[in-house]
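Shown next, in structure tokens, is the structure this report addresses.
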Amino acid sequence: MKMAWKEMKKNKLRYTILGSIVFLISLLTFIISGLANGLSQDNASLIKNLPDGTFYMEEEADETYSFSSLSDQQQQEIIKKQSETAFFSIQMGNFIDPSDKQRSVAYVSATDSAYFQEVNSGEVILDASLEEEGIAVGDEITNEQWDQSLTVAGFVDHEKYSHSPAAFINPDDFQALFHTDTMQIAFIADSAIQNTDGAPAFKGLQAFSNSEFLNTIPSYSAEQMSLNMIVIFLLVISGMLFAIFFYMINVQKLGIYGILKAIGVKTGKLFQMMWAQMFIISAVSLILSISISQAFQLMAPNGMPFHLTWQATGLLSLVFIIIGFIGSTLSGIQIKRVEPIQAIQQGEM
């Protein structure tokens, strides 16, 4: 470590340039990761807030919740096996607020369950983002196609579906407003499964895990795949950057390595010096990029879907260090292969 630090102090400009590039790449990675997580929450927080479990839709619905319809017989069959099953429906729609402004929402109706909001008939509970836009408790919302109005009874945090705020309404109101008397989806939490064989299977129903159900949401899979691919490419670029940089440095220092090997310094020590330099550069760059990305999260506008957790930050930081270690190690293979006399002669050329 001491030898690595001395060399970095001697060649400040060289290592500062590398650190600056690593800092910019890591900062961009954190920002894009935050946007990916933010868009994921904005697109499906209604589902992501549920515990791990199994979702059921009609097989004939072709993995499209709006085409699914669970009959009373199917619901009874499910309840017989799992009494704590939650049934719910989602309907994309809109309403007109007291200022005559039309707003798009995802209407959600569910049976009595701890996983969904319990709403009285004639009332609605909205996502908190609508409160920030001026809607208040006690306001009445309407729709040109409705025969009734709904009164805003409260707000909940982070409940969205398909980039629209959730609007929880009573099943009776849902039936009256959308002319349906069946539920679309059944949900059984893993903690509620009453046997050790896992989630049960039901004839005519298709089962989905949480991640599989998320992928049935229009645009969710393509949106997340695009952003995650950018993050992966940035991680690969950072590894290539370390490999190329240390390869060029090692070529320039072959003469020095030859002298060090000639006086008895082992190859392992030279690798340790290179790893120490890589770790110092990565650590300083990551500390700066993490600080700025977290500050950005605090200062980002409320409407921007940005969500960067400490867990995701820690995981990405660990990946950065591992990739940097691999890249620098690959570039240092020439140190192990070169002979002292050959290295000295090549360094003198």
Side-chain angles (χ1 to χ4, degrees), residues 40-93 105-120 124-127 154 156-175 177-178 180-221 224:
S40 173
Q41 290 291 328
D42 191 69
N43 200 351
S45 55
L46 174 71
I47 304 302
K48 298 188 75 171
N49 290 341
L50 295 175
D52 290 338
T54 305
F55 297 81
Y56 295 90
M57 288 194 295
E58 271 192 313
E59 286 184 346
E60 296 179 357
D62 194 25
E63 301 186 0
T64 304
Y65 75 90
S66 58
F67 295 161
S68 178
S69 178
L70 304 180
S71 65
D72 291 338
Q73 182 180 352
Q74 289 174 316
Q75 293 183 39
Q76 291 301 321
E77 181 184 352
I78 296 172
I79 291 175
K80 282 183 181 179
K81 289 189 177 181
Q82 298 292 335
S83 60
E84 296 184 27
T85 302
F87 298 94
F88 67 100
S89 293
I90 303 171
Q91 178 67 48
M92 303 306 296
V105 293
Y107 288 99
V108 182
S109 175
T111 56
D112 293 340
S113 169
Y115 309 127
F116 296 93
Q117 298 296 317
E118 186 175 346
V119 189
N120 296 324
V124 59
I125 295 178
L126 302 172
D127 178 73
V156 288
D157 293 325
H158 309 301
E159 294 286 357
K160 290 190 173 185
Y161 187 84
S162 193
H163 296 297
S164 296
F168 296 91
I169 60 178
N170 186 274
D172 292 336
D173 293 330
F174 191 93
Q175 178 178 347
L177 297 177
F178 301 109
T180 177
D181 57 357
T182 60
M183 289 293 183
Q184 298 168 338
I185 307 161
F187 173 72
I188 303 174
D190 288 344
S191 59
I193 293 178
Q194 300 168 355
N195 58 64
T196 58
D197 298 328
F202 299 98
K203 183 178 180 180
L205 299 182
Q206 185 175 359
F208 302 84
S209 64
N210 290 55
S211 58
E212 289 171 343
F213 187 79
L214 285 172
N215 287 326
T216 66
I217 300 175
S219 80
Y220 180 88
S221 180
Q224 290 300 301

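Side-chain atoms are counted along with the backbone in the values below, which use heavy atoms only and exclude waters and symmetry mates.
Closest of all the heavy-atom pairs between Glu63 and Gln206 is OE2-NE2, 3.2 Å. Across all non-hydrogen atoms, the minimal contact from Ile125 to Glu118 is CD1-O, 4.0 Å. Scanning all heavy atoms of the two residues, the minimum distance from Leu46 to Leu50 falls at O-CG, 3.7 Å. Residues Ile90 and Ala106 share a closest heavy-atom pair of CG2-CB, 4.3 Å.
Side-chain contact between Lys48 and Gln41: present, with at least one pair of heavy atoms (C-beta onward) separated by less than 4.5 Å. Here the side chains of Pro171 and Met183 are in contact, with some heavy-atom distance below 4.5 Å. Here the side chains of Tyr220 and Ser162 are not in contact, with every heavy-atom distance at 4.5 Å or above. Taking the side chain as every heavy atom from C-beta outward, Thr85 and Tyr56 never approach each other to under 4.5 Å. A 4.5 Å side-chain heavy-atom check between Val124 and Ile169 finds at least one atom pair inside the cut-off. Within the 4.5 Å cutoff, the side chain of Val119 has no heavy atoms near those of the Asp173 side chain.
Here the straight-line distance linking atom OH of Tyr161 with atom CE of Met92 works out to 8.0 Å at 0.5 Å rounding. Taken to the nearest 0.5 Å, the CD atom of Gln224 stands 12.5 Å off from the OG atom of Ser211. Note: Ile78 CD1 to Ser83 OG = 12.5 Å, rounded to the nearest 0.5 Å. The CD atom of Glu84 sits 10.0 Å away from the CD1 atom of Ile188 when rounded to the nearest 0.5 Å. How far CG of Asp62 is from OG1 of Thr216: 11.0 Å, rounded to the nearest 0.5 Å. The distance from the CD1 atom of Ile47 to the CD atom of Glu159 is 9.0 Å, given to the nearest 0.5 Å.
No donor-acceptor pair under 3.5 Å is formed between the side chain of Asp127 and the backbone N or O of Ala166. Within the 3.5 Å criterion, the main-chain N or O of Tyr115 finds a donor-acceptor partner in the side chain of Ser113. A donor-acceptor pair under 3.5 Å links the side-chain atoms of Thr111 to the main chain of Phe87, judged by distance alone. Remark: the backbone N or O of Ser69 is paired with a side-chain donor or acceptor of Glu58 at under 3.5 angstrom. The backbone N or O of Gln184 lies less than 3.5 Å from a partner atom in the side chain of Ser89, making a donor-acceptor pair. Of the possible polar contacts, one joining the Asn210 side chain to the Gly53 backbone as a donor-acceptor pair under 3.5 Å is found.
Within 6.0 Å of CD on Glu60 lie no more than 12 heavy atoms contributed by other residues, nucleotides or ligands. Remark: His158 NE2 is loosely packed, at most 12 non-hydrogen atoms of other residues, nucleotides or ligands lying under 6.0 Å away.
Results of the ring pair (Phe, Tyr, Trp, His ring centres under 6.0 Å) test with Phe55 over Phe208, Phe187, Tyr65 single out Phe187 as the only residue that passes.
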